[in-house]
Amino acid sequence: MKLLIKLIIFCAVISATQYALAEEGHHSIGIQGGQVLLSGDVASTYGNALGLGAFFNYAASDWLEFQLGWLNSKHTTTANGQNVAMTQNAFNADILYDIDQFDVFVPYVKGGVDLVTHSPQDVVGTTGNLSGQSYSGFGLNLGIGGQFILGKNFFTGLDITYHSIFDVSTSAPGASSVKVLQSFTTVLVQMGFRL
């Protein structure tokens, strides 16, 4: 009985590796867009927005990929009777692990590091606002997603990632400490081309 179970597991592993998505040594490029959900004080000040960006993947093995990504989003609102805005650029370097392949669907988990910049950013104080400021910060991210294979070279997918950014604060008119950069979540649709 134990021998039969080992044989079944061995066949399942061999069968799974025959259909590995990443294909060691291959690259893929694509575009991504979707919702950028800010959190904390930054969310209550600037609100959420749509973001648009790009990504590049390199398959280090049949199941492991390295990803570089970029996402730009513009957030606007009204505070102290004035229009205020903030543009966020998020750059990420991640490792993706393809869990398995189910016909044309490939789920994955990922994690990595982020560099986030806000420029320009209008900072809201209690007695006035500062315009055109620039801030940057670092953080870690963790996400899940899935890709749907549309043919030999094309794929689409959904990516949900939590970006845990180390808080950045500054002073503003009438306020000694105002949070200007905090964690956020992205829900993105991706379209890509595998080289």
Side-chain angles (χ1 to χ4, degrees), residues 27-58 65-96 108-145 156-193:
H27 305 78
S28 40
I29 58 173
I31 58 172
Q32 57 188 356
Q35 193 68 40
V36 179
L37 307 164
L38 302 176
S39 67
D41 295 340
V42 175
S44 62
T45 303
Y46 302 98
N48 300 319
L50 293 176
L52 185 64
F55 63 91
F56 170 82
N57 286 18
Y58 170 73
E65 299 179 65
F66 294 104
Q67 183 180 77
L68 298 175
W70 163 72
L71 187 68
N72 174 275
S73 59
K74 299 181 186 309
H75 306 257
T76 59
T77 189
T78 303
N80 293 334
Q82 298 178 18
N83 291 331
V84 294
M86 179 264 290
T87 299
Q88 175 173 288
N89 282 290
F91 304 90
N92 64 286
D94 298 328
I95 296 175
L96 278 71
Y108 64 81
V109 293
K110 74 175 195 175
V113 295
D114 291 311
L115 167 64
V116 181
T117 64
H118 287 181
S119 180
Q121 180 173 4
D122 300 328
V123 181
V124 179
T126 55
T127 60
N129 303 333
L130 294 175
S131 297
Q133 304 300 303
S134 296
Y135 303 96
S136 61
F138 292 93
L140 303 173
N141 68 62
L142 189 61
I144 60 170
T156 186
L158 179 68
D159 183 276
I160 302 169
T161 304
Y162 177 71
H163 305 263
S164 179
I165 307 300
F166 304 112
D167 288 1
V168 175
S169 300
T170 191
S171 57
S176 60
S177 180
V178 176
K179 294 202 185 293
V180 292
L181 205 156
Q182 289 182 292
S183 299
F184 61 97
T185 302
T186 54
V187 181
L188 305 175
V189 174
Q190 298 179 326
M191 293 289 293
F193 178 78

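Looking at P173 and N129, their side chains never come closer than 4.5 Å, going by heavy atoms from C-beta outward. Proximity of Q88 to L38: side-chain heavy atoms (C-beta onward) are separated by under 4.5 Å at one or more points. Between I144 and Y108, the closest side-chain pair of non-hydrogen atoms is not below 4.5 Å. Side-chain atoms of V187 and L37, non-hydrogen and from C-beta on, do get closer than 4.5 Å to each other.
Screening residues 162-188 for ring-ring contact (aromatic ring centres under 6.0 Å, His included), with sequence neighbours left out, gives H163-F184.
Between atom NZ of residue K179 and atom OG of residue S39 there is a gap of 10.5 Å, rounded to the nearest 0.5 Å. Summarising the geometry, atom CE belonging to M86 is positioned 10.0 Å from atom OG1 belonging to T76; distances are rounded to the nearest 0.5 Å. Between the CZ atom in F56 and the CD atom in Q67 there is a gap of 10.5 Å [rounded to 0.5 Å]. Taken from CG in L50 to CD in Q35, the straight-line distance is 5.0 Å, to the nearest 0.5 Å. In this structure, D167 CG and L181 CG are separated by 8.0 Å, a value rounded to the nearest 0.5 Å. Atoms CD and CG, on Q32 and L158 in that order, are 11.5 Å from each other to the nearest 0.5 Å.
For N48, there are no side-chain hydrogen bond (donor to acceptor under 3.5 Å, both in side chains) partners two or more places apart in sequence or in a different chain. Residues meeting the side-chain hydrogen bond (donor to acceptor under 3.5 Å, both in side chains) test with N92, sequence neighbours left out: D94.
T156 places a side-chain N or O within 3.5 Å of a backbone atom of Q190 that can act as its donor or acceptor partner. Judged purely by atom type and a 3.5 angstrom limit, N89 has no side-chain atom pairing as donor or acceptor with the backbone of N72. For the pair Q182 (side chain) and V42 (backbone), a donor-acceptor distance under 3.5 Å is present. Side chain of Q121 to main chain of S119: no donor-acceptor pair is present (N/O by atom type, distance under 3.5 Å, no hydrogens or angles).
Closest of all the heavy-atom pairs between A172 and V123 is CB-CG1, 3.8 Å. Taking all atoms of both residues into account, the shortest heavy-atom contact from G132 to P120 is CA-CB, 3.8 Å. Pairing each heavy atom of Y135 with each of T170, the nearest pair is OH-CG2, 3.3 Å.
Remark: the D122 side chain and the Y46 side chain contain no N/O donor-acceptor pair separated by less than 3.5 Å. Between the side chains of T161 and D159, at least one donor-acceptor pair of N or O atoms lies under 3.5 Å. Using modelled atom types, one finds a donor on one side chain and an acceptor on the other under 3.5 Å when comparing S73 with H75.
Within 6.0 Å of CG in L68 there are more than 12 heavy atoms belonging to other residues, nucleotides or ligands.
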